[in-house]
Amino acid sequence: MEPYKKHESIAALMNRSNVDTDQIIPKQFLKKVERTGFGIHLFHDWRFNEDGSDNTDFELNKPAFKDAHILVAGDNFGCGSSREHAPWAIADYGFNTIISSSYADIFYNNCFKNSILPIIATKEQLASLMDEIAANEGVRFVVDLENQELTTPAGNGFKFEIDPSRKENMIKGLDDIGLTLTHIAEIDQYEEKHKQSYPWLWA
Amino acid sequence: MKKTMYEKIWDSHLVVEAPGQAPLLYVDRHLMHEVTSPQAFEGLRLANRKVRNPHSILATMDHCVPTKDRDLPIADPIAKKQIETMADNCQENGLNLYDMKNPNNGVIHIVVPEHGFVHPGMVVVCGDSHTATHGAFGALAFGIGTSEVEHVMATQTLPQMKSKTMLIRIDGALSKFASAKDIALAITGKIGTAGGTGHVIEYAGEAITKLSIEGRMTLCNMAIEAGARAGLVAPDQKTFDYLQGREFAPSGENWDKALAYWKSLPSDEGAEFDTIVTLNAADIEPQVTWGTSPEQVTGITNVIPAPEDFDDEIKRQACENALNYMDLKAHTKITDIPVDLVFIGSCTNGRIEDFRIAADITKGTKVADNVTAIAVPGSYHVKQQAEDEGLDKIFIDAGWEWREPGCSMCLAMNGDELTVGQRSASTSNRNFEGRQGKGGRTHLVSPAMAAAAASAGHFVDIRNI
Ligand code: SF4
C-alpha cells in the first residue's frame, strides 16, 4: 500500500450530509471483478446528465476543485452498503483524504485499507472548513498525519484523533494481512483451544 | 464482572491483543456472494495465499441473478462474468457454493439460517452490510469490506476495534399487524441512521422475546439502517428449536455441549450498556418511509412532515431534498400516497412467514389497475414451502408475479428495477435515491402493508381491513 505521511492539496467541498455508498458508486458499476477503474463512475448519478455530459451544477465538477485530493463533506459520510467499491472509486478518482464530522463504521474501516485518511472533525470545525472553502474555492489545505494536524490558510486547522495502530500502518503503508500473519503462532494456538472448547464447530 | 452478550462473544474470540495494534478477533463463519468477493480472491492469488479454512465458508449467488427465465444465459455480459468468476473461485478453493441452479440457492442471509450454518455465540462475517441478520441467533455478525474478506480468508481473523454497546428495549406487546419490520423502522425513525454508529445493539424486552426467529432476523437485519455494526437477540428456546435438526447444526453429544454453551450467552443481569433506548411496543403502528433515508419514516395514520417541522438545519434540508426527489408534498396523508409497483422479498422480508402474512391479506383481492406486484421468495426453499402451502396460487390469482429467488428489486442489479419516477411499496431495507433504479421512489413497509397497497393502489391502514 501507498504510505501516507503529509499532503498538501486543494480541498473540494461537498456540503451534503448522509452521502451514501449507493450514491458514491451506483450499483450498476459493481459487477466488475477488478479493483481498479471505478473512479470514472464516482458519484455517477449526480455527476453526469442523462446524455452523459458533465452536470455543471454538481460541486465536484467545478473547475476549482479539479485537482483536489481532499474531500470535505457533511455528516455521516459513507452510510449504506458495505461495498468497498466506494473507497476504491474515491481513491481512483484521486482523493486520499476525507474530512467529515462522522462516518458510517464499515466505510470508515474500508478507507484505511485503501490509503484514504478519513479525518473526523467536530461539527464546528467542519462548518469553519466549509465556510473557508466556500469563500475561497481552490484553497489548499495541508494534512500532516505524523503530527495529526490539519492546517489551512485561514487558520481553521486543528489536531485530529486517529487510532495509533491505524496511523502507524498508514504511515508505513503496511498491509494488514502481512501484519496479522506475524501472529500466525497465536492463531494456530487459539484454533487448537477453540477445537477443544467448541468441538461441534469442527464436527 | 457482569458482561453483556457482546462482551462474552468478544472475549471468547480474542486471539491476540498486541500493543499498538488492533485486537485480532477469530472468525467462525464466513458468508459470501458474487459482488463483494472477486477482488478478494484476486488479492489472495496475487499474494500467493490460500483459504485457511474452506469449511468456514458458505457462498451463494444472489445479487445479479435473474428472477425469471433462469434457464436462459444471463443477458448482461458483465454480470455473467461475475457469476462465472464466483463459480471458478469457489471451485478452485474447495468452497461450498449454492449456485444459481442449486436447489439451496437464494439470498445469502436467507439461505444461511435455513441450513443452520450460524449458531449462537459465533463470530460471523460477510462482505455485505446486512450480515447483521444473523444476530437473531445471538451470533456477533457484521458486514465487512472486500479487503477484509481477503483478510479473513487468509487468516481466519480480523483486526477489530471494540464497539460500544446499546440496549434497545421494546416493552409490552405489539399490536395486531405491527411486525418486526415496523419495530425496525420505528427504531431508525427514533435514533436516526447514525444513531447506532460505533455500537452493537442488543434488542430485548417482551416484544422481542415474543418475535419468531424470522421476525428477529428482520429486526437484526436492519440494525445497519440504524447505523449499528451488528444487532443481537439473546438465544432462547425458540432459537434452539429452530436450529435443531438442521444440516449444519450440532447433533448427538455435541448438541448437548453446544446447548449448555448457548445458554450461557445472554447478557448477565445488571450488565452495563453504554447507551439504552426504550420504546413502547403498543405505540408502534405500521410504518411507511416517506423520504430517501430509512429514518424518514412515520406511522400509517400520520401525514408527511414539512421541512419546518425539524429544528435541526441538516434534517430540514434533508426533508426538503427528499420531498423533492420523492415528488411528495408536506402534510399529505400517508394513506393518500399512490403506488405503481409492489415488491415483496429481500433478506429483510423474503421468508416464509412474510409470504404467509402477505398471502393472508392478498387472498380474494385483485392487484389494482396500473399496479405491478412482484413476489420474490428469498430462496428456493422458501419458494417451495410457499408453493406447498398454495400461497403462490393466492398471489397469482390476485394478479401478482411469482418469481425465482434473488435480491431482485432490493438493489436492482439484476435487471428488476423501477423506471424514472415510478413509486414502489417495498419490503426491502433501503430507500436511498436510485436504490431500486435511477429516479425510482421507494417506500419501505412490512409485507402486510405492501400486500394491502397492491390491491388498494395506495397505502392503507391494515388494521382497518
Ligand atoms: S436482499 Fe438486498 S440487502 Fe439483502 S443481500 Fe440482497 S441486495 Fe443486500
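Chain letters run A, B, ... following the sequence lines, proteins first and then strands; every chain starts at 1. Everything numeric in this text was worked out from a predicted model, so none of it was measured.
Judged by the 6.0 Å and 45° rule, A:Arg16 forms a cation-pi pair with A:Trp46.
Proximity to chain A involves both the backbone and the side chain of B:His13, based on heavy atoms less than 4.5 angstrom apart. With a 4.5 angstrom heavy-atom cutoff, B:Thr85 touches chain A only via side-chain atoms. Using a 4.5 Å cut-off between heavy atoms, B:Gln156 touches chain A through its side chain atoms alone. For chain A, the nearby parts of B:Thr197 are the backbone and the side chain; heavy atoms of each come within less than 4.5 Å. If you measure heavy-atom distances from B:Asn429 to chain A, you find no contacts under 4.5 Å at all. Proximity to chain A is absent for every atom of B:Met86, based on heavy atoms less than 4.5 angstrom apart. For B:Val16, the part sitting under 4.5 Å from any heavy atom of chain A is the side chain, from C-beta outward, and nothing else. Contacts of B:Ala258 with chain A are made by both backbone and side-chain atoms, with heavy-atom separations under 4.5 Å. With a 4.5 angstrom heavy-atom cutoff, B:Ile144 touches chain A only via backbone atoms. In this structure, chain A has heavy atoms under 4.5 Å from both the backbone and the side chain of B:Ala412. With a threshold of 4.5 angstrom between heavy atoms, B:Arg435 approaches chain A through its backbone and through its side chain. For chain A, the nearby part of B:Leu14 is the backbone; its heavy atoms alone come within less than 4.5 Å. Looking at B:Ile78, both its backbone and its side chain come within 4.5 Å of chain A, counting heavy atoms on both sides. Contacts between B:Ser163 and chain A at a heavy-atom distance below 4.5 Å are absent for every atom of the residue.
The pair A:Lys113-A:Glu84 does not meet the salt-bridge criterion, since no charged nitrogen lies less than 4.0 angstrom from a carboxylate oxygen. A salt bridge links B:Asp76 with A:Lys31: at least one charged nitrogen is closer than 4.0 Å to a carboxylate oxygen. Taking the charged nitrogens against the carboxylate oxygens, B:Arg52 and A:Glu191 do have a contact shorter than 4.0 Å, which makes a salt bridge. Under the 4.0 Å criterion applied to side-chain N and carboxylate O atoms, A:Asp176 and A:Arg166 are not assigned as salt-bridge partners. Classification of B:Glu84 and B:Lys80 as a salt-bridged pair holds, one side-chain N sitting under 4.0 Å from a carboxylate O.
For B:His109 and B:His130, the ring centers are positioned 6.0 Å apart or more. Proximity of the aromatic rings of A:His85 and A:Phe29 is defined here by a centroid distance below 6.0 angstrom, and this criterion is not met.
Residue B:Lys162 places its NZ atom among more than 12 non-hydrogen atoms of other residues, nucleotides or ligands, all under 6.0 Å distant.
Listed options A:Ile187, A:Asp163, A:Leu181 were ranked by heavy-atom pairs under 4.5 angstrom with chain B; first place goes to A:Ile187. Interface check for chain B: of the options A:Pro199, A:Gly74, A:Ser197, A:Ser102, the most heavy-atom pairs under 4.5 Å are formed by A:Pro199. Chosen from A:Asn18, A:Asn110, A:Asp75, the residue pairing most often with chain B at heavy-atom distances under 4.5 Å is A:Asn110.
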When you look at B:Val125 and B:Thr131, which way does the side-chain contact (heavy atoms from CB on, under 4.5 Å) test go after all the steps?
-> CA-CA 7 Å; B:Val125 299; B:Thr131 309; 5.6 Å; no
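In this structure, A:Arg83 and A:Phe107 have side chains that are not in contact, with every pair of non-hydrogen atoms separated by 4.5 Å or more.
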